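In what follows, a structure is listed as structure tokens, so that the remarks can point back to it.
None of the values given here were measured: they were computed from a predicted structure.
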Amino acid sequence: MENKTICRICGYGEEVFWEGGPPTAAICPGCGHESDVGDSSLMSPRNCRGYRLGHGAQRHSSLEERKHLLRGWDLLRQMATSRPEWR
């Protein structure tokens, strides 16, 4: 099994969220979601993503947000990094 390094909610890709199969319970610095077994279905990530987008898609960490904005961060481009079957 491979490690999954892209958050299934926001597409953040600098953390290991699934390691060799099971979730790591890592908190995504992008959206604050904790990777867990509920993410293995399609509906849970889609519902969380929809809720997050409906509430302005605020970054979990304001420091992370500032750091990413300085590097030209784009929410839509980040979310496009998630696998098509999770969108």
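Scanning all heavy atoms of the two residues, the minimum distance from Cys10 to Cys7 falls at N-SG, 3.5 Å. Scanning both residues, Arg52 and Gly30, for their nearest heavy atoms gives NH2-O, 3.4 Å. Across Arg49 and Ile9, no two heavy atoms sit closer than the pair NE-O, 2.9 Å. The two residues Phe17 and Tyr12 have their closest heavy-atom pair at CE1-O, 3.7 Å. For the pair Val16 and Thr5, the tightest heavy-atom approach, listed with the atom from each and the gap, is CG2-CG2, 4.0 Å.
Cys48 contributes atom SG, which lies 12.0 Å from atom CZ of Arg8 (distance to the nearest 0.5 angstrom). Rounded to the nearest 0.5 Å, atoms CD (Glu19) and OG (Ser35) are 10.0 Å apart.
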